[in-house]
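Structure record follows, encoded as structure tokens.
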Amino acid sequence: MYTLVARDAGAVLLQDADDAGVPTGAAERLQPDELAAAVAHREATLSTRWVFARATDWYPRWLRAGVTVARAHDLGLSGRILGHAQDAAASGYAPDPRLAPRTVDDLDGETAPDESQAALFDAALGAAPAGEQDPSAEELIAELAAQLDAVATSEHPGRLRLLLAAESAGALAGAEMHHAGLPFRADLHDAYLQRVLGPRVPHGQRPQKLQQLVGVLQETLGAPTLNPDSPQELLRALHRAGIDVATTRKGELARHSHPAIAPLLEYKQLSRLLTANGWAWQDAWVRDGRFRPDYVIGAVVTGRWATSGGGALQIPHQIRAAAHADPGHKLVVADAAQLEPRVLGAMAVDDALAAAARGRDLYAGVAERGFGGERSAAKVAMLGAMYGATTGEAGRLVPQLARSFPRAVALVEAAARLGEAGRPVSTHLGRSTPQAGPRLRAALARGDQPVLRAHGRFTRNFVVQGSAAEWAMSWLADLRRRLREQRRAARLVFFVHDELVLHVPDDEVDAVVAEVKAAAAAAAALLFGAGPDDFPVTVAVVDSYDQAK
DNA sequence: GTCAGGTGCGCG
DNA sequence: AAAGCGCGCACCTGAC
């Protein structure tokens, strides 16, 4: 069954509905201060799926009030998927534009998710900001019914049902991970910054070490006023010093030998640390020993999550030692090993690839069957096939891969050909690429090959990256369910594409590790009917994040 | 002063 | 080394 949550003139309506979205009984009308208890009661006594226009408008406040729920249906996230889904095209379903999910851009300009704004609304648990033109309860019920109908009449109802459930569970899990936060020791981070940059200085000033490097660069390049942050100035200075580079990228710089190169590379690295993950970053994003990024569910076209603020998906290895478990706790860091090529093999029903990879390092297995045991060649070939490499070593090796694993390679080649023709492609569970935009339509009209080939590389990768995201979301959702059912104190605290971090009391570590692996096996079985050895996860039990892999 | 686009680099 | 996919963010730059 479903329970729909809707705002109604300062109050909140809870409306139960059956599995087709048809209302059962009268709506319950609650004042905001009654909502937490009512939700907790229903959650404890019924097996229902909570229906939100957008979970992100409600659930963070529920969490702050101590209320959690097991299952959800997010109409905005689901509508976006169904609106594009080729498998559901026959239903004619089109999402209500008022339900459009947030994107990373929508959050631009908002400051760090401090709790002051949250506090304003805590008193009124149901009164989310904005939303004058939000759909009414009746409209939301109609939207739910339309979505369920689009799924039921689709080509693969079971798959779309899984996809929407996983996406909606992700919305709950993302809010919960923000609420829990990644344990992060500001003192360790600060000590590291001081060690490599020098004492803290006000924002906008160069710390001692950077200032010193600028002096060295100005001297060795003979450019007394050089600002190395300006690519134009830097490029001119390099040319004057006889260093013939086309760009100022570190990879190109590293190929030259000149006294200025080493200090320049060091400057770039430290400057990056200061601006991306320095003291300003810590002030903005680390509070009370936790790093709390905003997860934006499904914000990447492929279905991957994005984050807004804090660059959470790019925490450099350099500072991961500061992500440190509380006393009496461990971090359990789990990583799905070589997820994308495994997903490709499973989707393509390429039994040779599955057999080569089963229960072991995938690239080693592939290397044995077609690359004379040379793992690095197997890896380059596999990545080249998934990304659409045409030149160099990768371009040469892909055909070799195709001889041993024809089905897997044929799947990505077919996706590329469809993309080049401007046709949509879909993931395993049925997320489809968006409709062709003006740029692609123009390229199709005038036969602009470079643009069409680029789009083919996008669709080629979309089917793999998107299906891998579905596997990862199923893993996350199943693990979350297990931890709830076992009433664990362990918390999911961080997620990045194919990797999970949990904060776990010492006495739960062994049990939680087992559940992490069991959830991966469940995801493999659910999505592909595959066995646990087909999707192995590596698990590290550590005090700090840097100790994992 | 604001804004969009480019560059560069971190992550998977 | 980079290549071939997907991102977010800081900074610079030129246009207004």
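Every chain is numbered from 1 and lettered A, B, ... according to where its sequence line falls, protein lines coming before strand lines. Note that these values count all heavy atoms, side chains included, but never hydrogens, waters or copies made by symmetry.
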Compare side-chain N and O positions of [X] against OP1 and OP2 of [N] and report whether any pair is under 4.0 Å apart.
X: A:Thr248; N: B:dG8; answer: yes
X: A:Lys268; N: B:dG8; answer: no
X: A:Ser230; N: C:dT13; answer: yes
X: A:Gln232; N: C:dG14; answer: yes
X: A:Arg249; N: B:dG8; answer: yes
X: A:His497; N: C:dG6; answer: no
X: A:Thr391; N: C:dG4; answer: yes
X: A:Lys250; N: C:dA1; answer: no

Could you pick out which residue, A:Arg255 or A:Phe458, lies toward the 5' side of DNA chain C when each is mapped onto its nearest nucleotide?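 Nearer the 5' end of the strand: A:Arg255.
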For [Y], is there an ion pair with [X] - N to carboxylate O distance below 4.0 angstrom?
X: A:Glu233; Y: A:Arg236; value: no
X: A:Asp288; Y: A:Arg290; value: no
X: A:Asp350; Y: A:Arg369; value: no

Base, sugar-phosphate alone, or nothing: which one does [X] contact when heavy atoms must sit under 4.0 Å apart?
X: A:Arg453; answer: nothing
X: A:Arg457; answer: sugar-phosphate
X: A:Gly395; answer: nothing
X: A:Leu339; answer: nothing
X: A:Ala385; answer: nothing
X: A:Val301; answer: sugar-phosphate
X: A:Asn227; answer: sugar-phosphate

Mind telling me whether C:dG4 is syn or anti, cutoff 90° either side of 0?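 Because its glycosidic torsion lies within 90° of 0, C:dG4 adopts the syn conformation.
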Spell out, as yes or no, whether a donor-acceptor pair under 3.5 Å connects the side chain of A:Trp285 to the backbone of A:Ala280.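 Checking the backbone N and O of A:Ala280 against the side chain of A:Trp285, no donor-acceptor pair under 3.5 Å is found.
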Please determine, for the side chain of [X], which listed nucleotide ([options]) has the closest atom?
X: A:Val300; options: C:dG6, C:dA2, C:dG8; result: C:dG6
X: A:Ala389; options: C:dG8, B:dG12, C:dG4; result: C:dG4
X: A:Ala254; options: C:dA1, B:dG8, C:dG4; result: C:dA1
X: A:His317; options: B:dC11, C:dG14, C:dC7; result: B:dC11

Can you tell me how far P of C:dG8 sits from OH of A:Tyr295, to the nearest Å?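 To the nearest whole Å, that distance equals 15 Å.
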Quick one: look up who C:dG4 pairs with, Watson-Crick or G-U, both distances under 3.5 Å, and put none if it's unpaired.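 Base partner found: none.
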Inspect the surroundings of CZ in A:Arg200 and state if more than 12 heavy atoms from other residues, nucleotides or ligands are less than 6.0 Å away.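 Yes.
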Does the base of C:dG4 carry an N or O that pairs as donor and acceptor with the side chain of A:Arg460 under 3.5 Å?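 There is none.
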